[in-house]
Novice: 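Just passing along the structure, written as C-alpha cells.
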Amino acid sequence: MAEQVDITGLCQDMLSKMAMYLMGELTATSKDYKLLENMNKLTSLKYLEMKDIAVNISRNLKDLNQKYAALQPYLDQITLIEEQVAALEQAPYKLDAYSKKLEAKYKKLER
C-alpha cells in the first residue's frame, strides 16, 4: 500500500510538472505570437508612412512635370536665340575673311 501511495504521489508530481512545462511552452508561444503581432502592426504603420511618402513624391513629380511643360516654350525660345547668336558670331569672321580677300584683290590691282 505504501508503494501504491508512492506511485500515486509520483504520478501526481509528474503530471504537475508536465502541466507546468506545457504552461511554460504555451506562454512562450503566446509571447512569440504577441511579438509577431506587434511587429506586424509596426510594419503596417511603416508601409502606410511609405505609401504617404510615395504619394507625395508622385504628386510633386506631377507638379514638376507640369511646370516643365509650361516652361518648355520659353526653353525652345532660348534654344532658338542661342542658335541665332551662334550664327551671328560667325558673321564677323566671314566678313573679316571677305574683307581680307577684297584687300588682297585691291592690292593686286594696284600693282
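Numbers for residues simply follow the sequence, beginning at 1.
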Novice: What residue among Thr29, Thr27, Leu35 forms side chain to side chain contact (heavy atoms under 4.5 Å, CB included) with Lys31?
Specialist: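 Result: among Thr29, Thr27, Leu35, Thr27 is the only option passing the side chain to side chain contact (heavy atoms under 4.5 Å, CB included) with Lys31.
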
Novice: How many angstroms lie between NZ in Lys101 and NZ in Lys108, if you round to the nearest 0.5 Å?
Specialist: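 One gets 13.0 Å once the value is rounded to the nearest 0.5 Å.
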
Novice: Could you grab the distance from atom NZ of Lys17 to atom CG of Asp13, nearest 0.5 Å is fine?
Specialist: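 One gets 4.0 Å once the value is rounded to the nearest 0.5 Å.
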
Novice: Name each donor-acceptor pair under 3.5 Å that joins a side chain in residues 49-66 to protein atoms two or more places apart or in another chain, with its distance.
Specialist:
{"unit_1": "Asn56", "atom_1": "OD1", "unit_2": "Arg59", "atom_2": "NH1", "d": "2.9"}
{"unit_1": "Asn56", "atom_1": "ND2", "unit_2": "Asp52", "atom_2": "O", "d": "3.4"}
{"unit_1": "Asn60", "atom_1": "ND2", "unit_2": "Asn56", "atom_2": "O", "d": "3.3"}
{"unit_1": "Asn65", "atom_1": "ND2", "unit_2": "Leu61", "atom_2": "O", "d": "3.4"}

Novice: Using 0.5 Å steps for rounding, measure from the CG atom of Leu71 to the OH atom of Tyr68.
Specialist: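 Rounded to the nearest 0.5 Å, the CG-OH separation comes to 9.0 Å.
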
Novice: If I take atom CG from residue Leu22 and atom CG from residue Leu15, how far apart are they, to the nearest 0.5 angstrom?
Specialist: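 Between atom CG of Leu22 and atom CG of Leu15 there are 10.5 Å.
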
Novice: Start with the C-alpha distance between Thr8 and Gln12, add both sets of side-chain angles, then the distance that settles side chain to side chain contact (heavy atoms under 4.5 Å, CB included), and finish with yes or no.
Specialist: CA-CA 6 Å; Thr8 304; Gln12 286 177 344; 4.1 Å; yes

Novice: Before accepting this row, confirm whether a basic side-chain N of the pair Lys34/Glu37 lies closer than 4.0 Å to the acidic partner's carboxylate O.
Specialist: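 Judged by the 4.0 Å cut-off on N to carboxylate O distance, Lys34 and Glu37 do form a salt bridge.
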
Novice: Flag the pair Lys100 / Asp96 as yes when at least one side-chain heavy-atom distance between them is below 4.5 Å, and no otherwise.
Specialist: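 Yes. Closest side-chain heavy atoms under 4.5 Å.
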
Novice: Rounded to the nearest 0.5 Å, what separation is found between the CG atom of Leu26 and the OH atom of Tyr21?
Specialist: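 Reported to 0.5 Å precision, the distance equals 10.0 Å.
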
Novice: To the nearest 0.5 Å, what is the distance between CD (Gln77) and CD (Gln72)?
Specialist: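 Here the rounded value is 11.0 Å.
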
Novice: Could you tell me whether a side-chain N or O of Thr43 sits under 3.5 Å from a main-chain N or O of Met39, the two making a donor and an acceptor?
Specialist: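 Yes, the answer is positive, given that a donor and an acceptor are paired below the 3.5 Å cut-off.
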
